[in-house]
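Data block below; observations after.
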2 protein chains.
Amino acid sequence: MSRSQPRKRATIREVAQATGLSPAAVSYALRGMQVSEETIERVRQAAAELGYEADPIARALASGRTGMIGLLCGSLEDLWQQSLAVGIGRALREKDRYALILDAAGDPARERTLARQLRDQRVDGMIVQPVDPAAQMWGELAETVPVVAIGDALADARTAGEVVFDNRRGVTLALEYLRDRGHHRIAVLTPTRPSTPDRPADLHVTAEADRLGLDIEVVNAPHGLPAITDTARALLSGASRPAAAFCFSDFIAYGVYAAAAEAGLRVPEDVSIMGYDDHPMSGLLTPGLTTVNWDIDGIVRAAVRLVAAAADGQVRRRRIIQAPELCERGSVLSRR
Amino acid sequence: MSRSQPRKRATIREVAQATGLSPAAVSYALRGMQVSEETIERVRQAAAELGYEADPIARALASGRTGMIGLLCGSLEDLWQQSLAVGIGRALREKDRYALILDAAGDPARERTLARQLRDQRVDGMIVQPVDPAAQMWGELAETVPVVAIGDALADARTAGEVVFDNRRGVTLALEYLRDRGHHRIAVLTPTRPSTPDRPADLHVTAEADRLGLDIEVVNAPHGLPAITDTARALLSGASRPAAAFCFSDFIAYGVYAAAAEAGLRVPEDVSIMGYDDHPMSGLLTPGLTTVNWDIDGIVRAAVRLVAAAADGQVRRRRIIQAPELCERGSVLSRR
DNA sequence: CGGCGTTGGTGAAGCGGTTCACTGAAACGT
DNA sequence: ACGTTTCAGTGAACCGCTTCACCAACGCCG
């Protein structure tokens, strides 16, 4: 491509020439290694005058590091994951890194492709919110680049760390809350997770339902708000409408609100709704969404800390467990 | 960094050796240029067997192109900009490109830094939603890399294209709607835009207000939902509460909803609210937010088309003007 | 004073591709 | 049969930085 180049960027060799040093010395100086304070200063000056700034691509090729952290989201359409991405992007900036954000759009095949792509891009580390935590690819990947998982733990234990949600606790919290208010017929809307129908959280849902004597129907919520709304519509207009819908993400709950409004059903009088993230918008709905809060700031900080440490070569693999908290607003009716 | 490398990735030279060709031939073959069909096939085979895939970094250094498009958002906390980013990411994937998303967080200085950083990353093009459309940096930048602006046109005309909102029309639509419903004292909440207090859209607001005989108060809405809510709270609790708030983005309107709820004010009976984006959540609020709709899909497609064309070296610079549409829901009271 | 460990610096070989200038052979026109 | 185009493919020079091995000079110490 012969794009007109006004004046070519200064290279390290020009700086070397200007200072009478070797390129190697300049390279070291700019990173503050192995050279005297005096030359460091001299190089800085010259670089500033020439408007020199190291080319990140060349640097990446030579050193194998890019300063980028890959963020692979399972479903970026979900507002909570958007919040997470924004938060992570911001937190990384404070560490002089930045995020390469990719979106698997709920598709495990795409997730695999994108994960490899990130590795090829030489990200220094990656944070993933896996669609398919059981894929064996994660293990291979983790041998090349530090991987930090958010949400579910990856099946393969070679990761650099994970920020795991205590879903058992979260589920218990939500289901007990619903039972205490007299709900028994409950629809559980979970995001579609292709590979593992028997993932721990789902198992725990049925186990807890048994324990609490609840009558549960698990429904797969597809990807994207319109599709979720369709699913919810079918659910609410069915012959045997459940008393409450427990949604495995606030975003899914928004689809239920929409479907309820369309069907002329009142929340919570006709149907109770419970969420699972606590997204900022949940408090603005009418009624406010009662949900399980996951301290997004804490998650962001933990994930960024883990991945940054791993990217810097520190190896302390850690599993950080997030405890949920019930956030009561008005979307669940008390039948007692 | 001595990260354990299980087995090094295959390089182009190994593929060359395996096929008995030169690296150059392999390079051409894999891109389907200048070589016979037969060798292309042979190279493909060998590459597949060796698990070879071209290293994007090395490729970028040698060719100067990365396949990435930079997306620089003015304020990624704004939900509508999040939607835009998700949409653009998705649309780019269909063109075998991907987005490097950066967030200026409403700060023009950061915007400048990040824009340069994108250029240094050798993105093939960038899409910006400028905080400061008047910065002269855009012009310089556009000489090196194609820039497509969304929202406001950039002051410098060297861009590769722009998707401009017809803000005059949008403002007129909104203000006439409010006037027709008997509102005269109107607060206008605009995002803080540091460099140009007299940007066209703002000027048009006051001009239209004059024409329509409205009593307008322009308020700067800061960055981030909590800060917006604070601003709105101050506005609503003031001695002379306006009859209606016209917010220059739905996200700002959400802050007004929040402040109104806190203050025990009913929407629209006590205060009317009008938005400007039409984000999916706006229909879920109670009452639904009456807003100006900007066909986000059209914007995404237009921007991606423009930037992709420019990145491929086609030079048809174009300005695409987006027409707004009024989307009436229930957040504006009719006083007639 | 000779050997030794630092300190500050150099040269050249990469990193893994792309691309330009060139060549040998085949195809072509007359 | 001969000069001229194509076509397929080659070698080597990059792209701009990092890093490894090595070196000279300079104390320092017994």
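Naming convention: chains lettered A, B, ... in sequence-line order (proteins, then strands); numbering from 1 in each chain. Everything numeric in this text was worked out from a predicted model, so none of it was measured.
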N or O in side chain of A/Arg31 less than 4.0 angstrom from D/dT19 OP1/OP2: yes
Pairwise side-chain contact, B/Ile69 with B/Val123, heavy-atom cut-off 4.5 Å (strictly under): no
Length of the CG-P vector between A/Asp120 and C/dG16, whole Å: 12 Å
Separation of D/dC20 P from A/Met33 CE (nearest whole Å): 9 Å
Value in whole Å for how far the P atom of D/dG16 lies from CD of A/Glu14: 9 Å
Side-chain touch B/Leu21/B/Arg42, heavy atoms, less than 4.5 angstrom: yes
Distance below 4.0 Å between A/Thr39 side-chain N/O and C/dG9 OP1 or OP2: yes
Euclidean distance, atom CG of residue A/Leu21 to atom P of D/dC17 [Å, nearest integer]: 15 Å
Check: A/Arg119 and A/Glu140 side chains under 4.5 Å, non-hydrogen atoms: no
A/Arg93 and B/Leu114: CA distance, side-chain angles, deciding distance, side chain to side chain contact (heavy atoms under 4.5 Å, CB included) verdict: CA-CA 11 Å; A/Arg93 260 210 75 70; B/Leu114 295 181; 3.1 Å; yes
The helix from C/dC1-D/dG30 to C/dT30-D/dA1: angle between end helix axes, five pairs per end, rounded to 10 degrees: 40°
Worked verdict on A/Asp55 versus A/Arg9 for salt bridge (Lys or Arg N to Asp or Glu O under 4.0 Å): CA-CA 9 Å; A/Asp55 179 333; A/Arg9 291 170 58 98; 5.2 Å; no
Members of residues 50-62 of chain A that approach DNA chain C, where some heavy atom sits under 4.0 Å away: A/Leu61, A/Ala62
Every protein N/O within reach of nucleotides 20-25 of chain C N/O, cut-off under 3.5 Å:
| from | atom 1 | to | atom 2 | distance (Å) |
| --- | --- | --- | --- | --- |
| C/dC20 | N4 | B/Tyr28 | OH | 2.9 |

Side chains of A/Leu30 and A/Val15 in contact at under 4.5 Å (non-hydrogen atoms): no
Whole-Å distance separating the CZ atom of B/Arg13 from the C1' atom of D/dT10: 14 Å
Under 3.5 Å donor-acceptor pair, B/Arg9 side-chain atoms to C/dG16 base atoms: no
Atom-pair distance (CG on A/Leu30; P on D/dG16), nearest Å: 16 Å
Sub-4.5 Å side-chain heavy-atom contact between B/Val145 and B/Leu118: no
B/Phe165 side chain reached by B/Ile299 side chain, heavy atoms, under 4.5 Å: yes
5' priority, DNA chain C, between B/Ala25 and A/Val26 [closest heavy atom]: A/Val26
Atom CD of A/Gln136: over 12 foreign heavy atoms under 6.0 Å: no
For atom CZ of A/Arg65 and atom C1' of C/dC15, their distance in whole Å: 15 Å
Phosphate OP1/OP2 of D/dG9 contacted by B/Ser36 side-chain N/O (<4.0 Å): yes
B/Trp138 side chain near B/Thr159 side chain, heavy-atom distance below 4.5 Å: no
Distance in angstrom units between A/Glu41 CD and C/dG8 C1', rounded: 17 Å
Any A/Ser22 side-chain nitrogen or oxygen under 4.0 Å from OP1 or OP2 of C/dT10: yes
Test side-chain contact (heavy atoms from CB on, under 4.5 Å) applied to B/Leu100 and B/Gln117, B/Met126, B/Gln121, the passing residue: B/Gln121
Sub-4.5 Å side-chain heavy-atom contact between A/Gln82 and A/Leu76: yes
